[in-house]
J.: 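Before anything else, here's the structure in question.
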Amino acid sequence: MAKATFQRPKGTADLLPEQTAQWQYVENLARVLFGDYNFKEVRTPIFENFDVFARSAGDTSDVVTKEMYDFHDKGDRHVALRPEGTAGIVRAFVENKLYGPEFDKPYKAFYIGPMFRYERPQAGRFRQFHQIGAEAFGSTSPALDVEIIAMLINYFQTLGLDNLKVAINSLGDQASRAAYRQALIDYLKPHFDELSADSQARLEKNPLRVLDSKDPRDQVFVADAPVILDYLTDESQAHWAKVQALLTALDIPFEIDATMVRGLDYYNDTIFEIMTVDETLKGAATIAGGGRYAGLVEEFGGPEMAGVGFGIGVERLLSLLAAKDLNPVTPQGLDFYVVNIGEETEVTAMQVVQAIRGFGYVAERDYLGRSAKAQFKSADRYQSQYVVTIGEQELADHVAKIKNMATGQQQTVKLTDLYTDLPTILDAQGDEEE
RNA sequence: GCGGUAGUGGUGAAGUGGUUAACACACUGGUUUGUGGAUCCAGCAUGCGAGGGUUCGAUCCCCUUCUAUCGCCCCA
């Protein structure tokens with residue numbers, strides 16, 4: 001290697017101005033819209049004690065067993081970069097005693113930020129990615145489940161996305177799940193040898209995942225497998241029915257996907273995913289996912305308190321927006337470009353740009369001592385509306401030239417007028433044109 | 001963690017085991033001693049991801065590695 005070269009870490013991205021404008025738009029819309037639903041922003045650390053994530057996600061989940069971006073710090077503390085947002089929020093909820101009676105329930109929080117998973121990058125999947133998420137604690141009402149789904153739909157529609165699929169399912173409570181798990185094992189066991197190798201392993205570890213298999217050998221059995229919805233306890237059944245009724249009442253179309261299983265182990269009752277039906281993004285069709293959970297707050301040392309939440313994959317959302325050609329942010333050109341010719345004009349040029357900026361206009365100038373032609377080319381590339389020219393002659397006369405780039409009209413103005421009345425001068429020019 | 005494909009300048013790319021690595025766009029300068037989107041002219045990779053090997057000789061062959069990309073697992 002002749003020279004040390006540096007590349008960004010695998011699975012990460014540099015977001016340049018062309019992209020950041022888009023990111024800001026999407027993030028700011030979330031801030032405003034989630035605010036309408038009375039969610040407040042919470043910012044938690046990007047890394048936490050390893051156990052914060054290990055405990056919450058469940059020991060069998062891949063997120064914990066092989067995707068955690070963890071390391072030991074100089075104090076030999078085992079820490080991990082957060083793989084998802086919920087755990088940190090729950091930890092903060094408990095640590096700051098937000099479950100206390102002085103805080104209204106449900107306690108609603110949203111977050112925006114990077115997440116990390118150590119895995120092979122591919123379509124819609126990165127080692128550092130970003131999520132916009134929300135959590136609400138302290139209510140088991142199905143209305144809260146539905147409100148969160150409605151908020152997501154509201155958000156996506158405002159961004160211009162329609163034709164999204166809302167898939168929902170219920171995992172039931174502990175008792176429902178235990179009963180179903182056994183039924184599923186009883187059903188699949190006799191066919192064990194016919195299952196794919198992956199599913200054979202899944203049957204041991206987490207039988208529900210067999211339902212998710214893409215292998216045709218497994219899908220044969222999945223088609224006739226017992227359905228979890230038939231195993232819900234009365235309480236879970238009631239919750240589930242209410243969720244559907246409320247979604248219908250809000251005219252939110254949804255599909256029941258009884259085979260849907262989510263990646264993190266803590267979910268119960270309602271789970272949902274928002275997916276695109278766009279074929280080009282099939283590898284990363286799920287744009288947002290979430291659900292209801294119980295026991296997490298208690299797990300972190302708080303009282304038993306239910307939660308519901310979701311996470312939106314920002315990269316996936318943005319690529320979908322791009323695929324749909326929904327790029328609401330248009331690049332902004334300059335208001336002014338200041339051309340100066342000759343070294344003697346340097347000081348005045350500087351004063352003029354600053355004065356223009358002082359009026360709130362976007363202004364740029366040349367710093368390379370280039371020719372007038374080159375400077376005008378720059379002005380053109382910046383899509384500048386006006387060009388102010390200061391040469392030796394103008395300097396001697398205490399004036400500057402202002403050229404309207406669209407019309408080609410150029411006028412001479414006194415520097416003193418420019419400094420005090422630039423907006424008026426522009427208005428006057430506008431009148432003349434009409 | 002496993003498997004497939006790829007890696008040439010700022011960008012898109014052509015190319016061959018052997019003297020100066022096409023072409024286009026972009027950029028810079030000139031054509032116009034101080035004025036933009038056009039024309040024409042000129043300049044612009046001691047280098048073909050990195051390291052090693054084969055060879056008289058490699059960007060082109062082999063190995064390793066890194067990165068990208070697609071799929072599996074899993075997931076946002």
Side-chain angles (χ1 to χ4, degrees), chain A residues 1-13 57 60-68 82-86 113-133 152 196-199 201-202 205-206 209 212-215 260-264 273-276 280-290 310-320 334 337-342 345 366 368 370-395 401-410:
Chain A
M1 222 192 286
K3 246 181 218 172
T5 58
F6 295 99
Q7 297 175 299
R8 60 179 182 264
K10 185 198 266 283
T12 63
T60 69
S61 74
D62 274 29
V63 170
V64 171
T65 56
K66 64 175 202 184
E67 293 176 1
M68 198 86 94
R82 62 184 186 194
E84 50 94 26
T86 304
M115 306 293 163
F116 305 82
R117 287 183 201 174
Y118 194 89
E119 61 183 343
R120 278 282 281 274
Q122 53 186 284
R125 213 164 326 168
F126 311 92
R127 288 193 171 177
Q128 175 175 340
F129 62 103
H130 298 75
Q131 287 191 344
I132 300 175
L152 272 170
S196 68
D198 281 331
S199 283
R202 281 188 275 241
K205 249 174 63 179
N206 191 343
R209 280 211 212 297
D212 240 4
S213 176
K214 287 166 196 153
D215 196 305
M260 181 167 68
V261 182
R262 304 231 64 244
L264 303 163
E273 291 188 4
I274 315 287
M275 315 196 238
T276 172
T280 60
L281 294 148
K282 59 184 182 323
T286 303
I287 299 173
F310 66 79
I312 301 168
V314 180
E315 282 82 359
R316 290 184 179 185
L317 173 60
L318 287 169
S319 64
L320 177 60
L334 291 181
Y337 190 93
V338 175
V339 169
N340 73 303
I341 304 145
T345 60
D366 174 75
L368 304 172
R370 296 181 304 158
S371 68
K373 180 190 174 73
Q375 294 187 53
F376 265 85
K377 274 192 168 180
S378 287
D380 194 48
R381 203 169 330 132
Y382 279 125
Q383 299 178 53
S384 191
Q385 290 189 51
Y386 298 96
V387 170
V388 174
T389 306
I390 301 155
E392 286 161 36
Q393 192 56 54
E394 288 82 358
L395 192 63
K401 290 198 170 122
I402 299 181
K403 180 169 184 176
N404 180 321
M405 295 297 273
T407 64
Q409 273 185 358
Q410 185 163 263

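Letters go in sequence order (proteins before strands), and every chain restarts at 1.
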J.: Going by purine N1 to pyrimidine N3 plus the second Watson-Crick contact, or the G-U wobble pair, all under 3.5 Å, which nucleotide sits opposite G12(B)?
T.: C23(B)

J.: Quick one: label Gly408(A) by what it contacts on the DNA or RNA (base, sugar-phosphate, nothing), any heavy atom closer than 4.0 Å.
T.: base

J.: Between the base of G34(B) and the side chain of Gln375(A), is there a donor-acceptor distance below 3.5 Å?
T.: no

J.: Would you say a side-chain N or O of Arg209(A) is under 4.0 Å from OP1 or OP2 of C75(B)?
T.: yes

J.: For the side chain of Arg316(A) and the backbone of Gly124(A), is there at least one donor-acceptor N/O pair under 3.5 Å apart?
T.: yes

J.: Give Thr389(A) one of three labels, base, sugar-phosphate or nothing, depending on what nucleic acid heavy atoms sit under 4.0 Å from its own.
T.: base

J.: For A45(B) and C40(B), measure between their P atoms and round to the nearest Å.
T.: 23 Å

J.: Quick one: list whatever passes side chain to side chain donor-acceptor pair (under 3.5 Å) with Ser199(A), sequence neighbours left out.
T.: Ser196(A), Arg202(A), Asp218(A)

J.: According to side chain to side chain donor-acceptor pair (under 3.5 Å), who are the partners of Asp215(A), at least two apart in sequence or on a separate chain?
T.: Arg217(A)

J.: Is Gln128(A) touching bases, backbone alone, or none of the nucleic acid, heavy atoms closer than 4.0 Å?
T.: nothing

J.: Could you give the distance separating U5(B) and C62(B) at their P atoms, to the nearest angstrom?
T.: 13 Å

J.: How far apart are the closest heavy atoms of Met115(A) and Pro83(A), and which atoms are they?
T.: CB-O, 3.9 Å

J.: Glu315(A) side chain to His130(A) main-chain N or O, any donor-acceptor pair under 3.5 Å?
T.: yes

J.: With sequence neighbours left out, what residues match Glu119(A) under salt bridge (Lys or Arg N to Asp or Glu O under 4.0 Å)?
T.: Arg125(A)

J.: Any pair with a residue in residues 373-386 of chain A that passes salt bridge (charged side-chain N to carboxylate O under 4.0 Å, His left out), sequence neighbours left out, goes on the list, sorted by first then second residue, please.
T.: none

J.: Under 3.5 Å for both donor-acceptor distances, Watson-Crick or wobble: does C61(B) have a partner, and if so which one?
T.: G53(B)

J.: Listed by chain and number, what are the side chain to side chain contact (heavy atoms under 4.5 Å, CB included) partners of Phe376(A), not counting sequence neighbours?
T.: Val339(A), Val387(A), Thr389(A), Lys403(A), Met405(A)

J.: Check whether any side-chain N or O of Arg202(A) sits under 4.0 Å from OP1 or OP2 of C74(B), and answer yes or no.
T.: yes

J.: Now, which nucleotide makes the Watson-Crick or G-U wobble pair with A68(B), with each of the two distances under 3.5 Å?
T.: U5(B)

J.: From C-beta outward on Gln393(A), which listed nucleotide comes closest to its side chain: G34(B), G36(B), G29(B)?
T.: G34(B)

J.: For Thr345(A), what residues pass the side chain to side chain donor-acceptor pair (under 3.5 Å) criterion, not counting sequence neighbours?
T.: Asn340(A)

J.: Taking pairing as Watson-Crick or G-U wobble with both contacts under 3.5 Å, can you name the mate of G47(B), or confirm there isn't one?
T.: none

J.: Taking N or O atoms only and anything under 3.5 Å, show me the protein contacts with nucleotides 66-70 of chain B, one pair per line.
T.:
unit_1: C66(B); atom_1: O2'; unit_2: Gln7(A); atom_2: OE1; d: 3.1
unit_1: A68(B); atom_1: OP1; unit_2: Gly11(A); atom_2: N; d: 3.0
unit_1: C70(B); atom_1: OP2; unit_2: Ala123(A); atom_2: N; d: 2.9

J.: Go through the N and O atoms of the side chain of Arg316(A) and the base of C75(B), and report whether any donor-acceptor pair is under 3.5 Å.
T.: yes

J.: Determine whether a donor-acceptor pair (one donor, one acceptor, N or O, separation below 3.5 Å) exists between the side chain of Arg125(A) and the base of A76(B).
T.: no

J.: Indicate, with a heavy-atom threshold strictly under 4.0 Å, whether Leu317(A) touches base, sugar-phosphate, or nothing.
T.: nothing

J.: Can you name the side chain to side chain donor-acceptor pair (under 3.5 Å) partners of Arg370(A), sequence neighbours left out?
T.: Asp366(A), Ser378(A)

J.: What integer number of Å spans the C1' atoms of U64(B) and G47(B)?
T.: 22 Å

J.: Is there a donor-acceptor pair closer than 3.5 Å between any side-chain N or O of Glu273(A) and the backbone N or O of Met275(A)?
T.: no

J.: Say we look at G34(B) and C48(B): how far apart would their P atoms be, to the nearest angstrom?
T.: 42 Å

J.: Considering only atom P, compute the distance from U20(B) to G12(B) and round it to an integer number of Å.
T.: 27 Å

J.: At 4.0 Å (heavy atoms only), tell me whether Glu119(A) reaches a base, stays on the sugar-phosphate, or touches nothing.
T.: base

J.: Tabulate protein N/O versus nucleotide N/O from nucleotides 37-42 of chain B, keeping only pairs under 3.5 Å, one per line.
T.:
unit_1: G37(B); atom_1: O4'; unit_2: Asp380(A); atom_2: OD2; d: 3.2

J.: If the P atom of C41(B) is compared with that of U31(B), how far apart are they to the nearest Å?
T.: 16 Å

J.: What contact category does Glu273(A) fall into here, base, sugar-phosphate, or nothing, at under 4.0 angstrom with non-hydrogen atoms?
T.: nothing

